[in-house]
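Here's the structure we're looking at; comments come further down.
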Amino acid sequence: MKLITPLMFAAAVAATSSATTAAAATCADRTAVVERLVTRFGETAVANAVSVSNNILEVHASEDLATWTILLTLPEENLTCLVASGAGETAFQASLQSF
């Protein structure tokens with residue numbers, strides 16, 4: 001698995017420094033979201049960062065990058081929201097570059 005470059009991750013954090021309530025349909029309790037990623041897709045956290053607005057960006061991926069998910073946690077609202085997900089390393093790299 002290739003590592004995420006710090007610049008790409010910083011760009012992703014900056015792009016997701018705020019979220020709107022319109023995304024609530026793709027948000028849930030963090031514990032439930034992470035548990036589902038582990039049990040259904042075998043994904044674990046591979047990177048995380050805190051934005052200037054104290055939101056937490058996390059990247060979860062299966063060991064072989066067969067699947068991956070980017071999450072944004074809004075601690076003040078106790079919500080974790082889906083930012084992006086996909087399959088395969090090429091799609092993962094493309095998703096990161098879109099930020």
| query | With a 4.5 Å limit on heavy-atom distance, are the side chains of Thr80 and Cys27 in contact? | reply | no
Separation between CG (Leu65) and CD (Glu63), nearest 0.5 Å, reads 10.0 Å
Q) Would you say the side-chain atoms of Trp68 pair up with the backbone N or O of Val59, donor to acceptor, closer than 3.5 Å? A) no
In terms of heavy-atom contacts, Leu71 and Val83 come closest through C-CG2, 4.0 Å
- Query: If we only count heavy atoms from C-beta on, is the Thr69 to Leu82 side-chain gap below 4.5 Å?
  - Reply: yes
Between the CG atom in Leu57 and the CG atom in Leu72, the distance rounded to the nearest 0.5 Å is 6.5 Å
Flag the pair Thr73 / Leu79 as yes when at least one side-chain heavy-atom distance between them is below 4.5 Å, and no otherwise. no
Side chain to side chain contact (heavy atoms under 4.5 Å, CB included) filter on Ala66, not counting sequence neighbours, yields Ser62, Asp64
Extract all donor-acceptor atom pairs below 3.5 Å that involve side chains of residues 30-39 and protein atoms in other chains or at least two apart in sequence.
{"residue": "Arg30", "atom": "NE", "partner": "Glu58", "partner atom": "OE2", "Å": "3.2"}
{"residue": "Arg30", "atom": "NH2", "partner": "Glu58", "partner atom": "OE1", "Å": "2.7"}
{"residue": "Thr39", "atom": "OG1", "partner": "Glu35", "partner atom": "O", "Å": "3.0"}

